[in-house]
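Okay, so here's the structure we're looking at.
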Amino acid sequence: IVCFAASYAVALGCEASRPAFRSAFRGFVLIGFAAAGLAAHTLFLGWRALNASSVPLSSPFDWYLLAAWLLAAGYLYFTITNPRTPVGLFMLPVVLALVAAAQVSSRAAFPQSPATQVWGAIHGGFNLAASVTVAIGAVAGLMWLIQADRLARKRAPLAGFRMPSLERLARITARTPAIAA
C-alpha cells in the first residue's frame, strides 16, 4: 500500500509543480510514477483476490482500494490523452483519500450467505461504479467552478495550468449523474 500511495503522492507533487516551472521531463516522471503506482495497486488487488478466505474483494478495505484503483486508472487515461491539463491536482487527492480510508476501514468481509453472494456482487459492482462516476463528476464540477471564476474575472490562465473548456466540463458534469443512476 505504501508503494502505490507513495507513487501517487509523487505524481501529485509533479502535478503541483506545473505552475512553478515547465519541463518535458516532468511529464515522463509523472506518467511513470502514476503507471508504477497503478501497476503496484493492480498487483496488490490481484494478490488480495487470490488470497481471500471468502468472496474476493468483499470488504470495506477492498472496496475503497477498488474505487481508488478505478480513479487512478481514469487519472492515468486523462493525463495521457490530455497531457497539458492538470487533472491530477483534482483526482489524485481523492485517490489518496480513498487509500487512507481503506487503511482505517475494516478488512473483514461483508457478511454473506450463499444465496446473497451473487446479488451482493452485482450490487457492490454497481455501487462502486456509481461512486467512482460521482467522484469524477465532482472533480469535473470543481474544475468547472475554477475555470468559470477565472473567465469571469478575465484572468489569463497560469503557465502550465491549462484547464478544459467550460463546455467539456459541463458535458462531463451533466453526464455523470445519469451514468451513476
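Residue numbers run from 1 in the order of the sequence given.
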>> Show the nearest heavy-atom pair for residues L96 and L12, with the distance to one decimal.
In response: CD1-CD2, 4.0 Å
> Transitively linked via ILVMFWY side-chain contacts under 4.5 Å: Y64 with W47?
Replying inline: yes
Taking only distance into account, with no hydrogens and no angle test, what donor-acceptor pairs under 3.5 Å do side-chain atoms of residues 32-43 form with protein atoms, sequence neighbours excluded?
| residue | atom | partner | partner atom | Å |
| --- | --- | --- | --- | --- |
| H41 | ND1 | Y8 | OH | 2.9 |
| H41 | NE2 | L65 | O | 3.0 |
| T42 | OG1 | L38 | O | 2.7 |
| T42 | OG1 | W69 | NE1 | 2.7 |

>> Under the criterion side chain to side chain contact (heavy atoms under 4.5 Å, CB included), I'd like the reasoning laid out for M143 against I172: C-alpha separation, chi angles, the key distance, then a yes or no.
In response: CA-CA 11 Å; M143 292 172 76; I172 294 169; over 6 Å; no
> What distance separates D149 CG from I146 CD1, expressed to the nearest 0.5 Å?
Replying inline: 8.5 Å
>> Tell me every residue that passes ring-ring contact (aromatic ring centres under 6.0 Å, His included) with Y75, counting only those two or more places apart in sequence or in another chain.
In response: none
> Nearest 0.5 Å, what's the CD-CD distance between E167 and Q147?
Replying inline: 9.5 Å
> Which heavy atom of R84 sits nearest a heavy atom of P86, and at what distance?
Replying inline: O-CD, 3.6 Å
>> Are I136 and I179 connected into the same hydrophobic cluster when the rule is that any two of I, L, V, M, F, W, Y join if their side-chain heavy atoms are below 4.5 Å apart?
In response: no
> Nearest heavy-atom pair of A68 and V99: which atoms, and what distance?
Replying inline: CB-CG2, 3.9 Å
> When rounded to the nearest 0.5 angstrom, what distance separates CG in L169 from OG1 in T85?
Replying inline: 9.0 Å
>> With rounding to the nearest 0.5 angstrom, report the CZ to SG distance, F25 to C14.
In response: 9.0 Å
> Where do S17 and R26 come nearest, in terms of heavy atoms and distance?
Replying inline: OG-CD, 3.2 Å
> Cluster question for you: counting only ILVMFWY and a side-chain heavy-atom cut-off of under 4.5 Å, with indirect links fine, are L98 and Y77 together?
Replying inline: yes
> Rounded to the nearest 0.5 Å, what separation is found between the CG atom of N127 and the CH2 atom of W63?
Replying inline: 5.5 Å
> In Å and rounded to the nearest 0.5 Å, what is the CH2 to CG distance from W144 to L151?
Replying inline: 9.5 Å
> Where is the tightest heavy-atom contact between M91 and G74, given as atom of each residue plus distance?
Replying inline: CE-C, 4.2 Å
>> Taking V10 as the starting point, is it possible to reach L92 by hopping between hydrophobic residues whose side chains are less than 4.5 Å apart?
In response: no
>> Out of the candidates V94, L66, L70, only one should pair with V132 under the side chain to side chain contact (heavy atoms under 4.5 Å, CB included) rule; please name it.
In response: L70
>> If you compare all heavy atoms of A180 against all heavy atoms of A130, which two are closest, and at what distance to 0.1 Å?
In response: O-CB, 3.6 Å
> Going hydrophobic residue to hydrophobic residue with side-chain gaps under 4.5 angstrom, can you get from L45 over to F61?
Replying inline: yes
> Has the side chain of R155 got a donor or acceptor atom that lies under 3.5 Å from a matching backbone atom of R150?
Replying inline: no
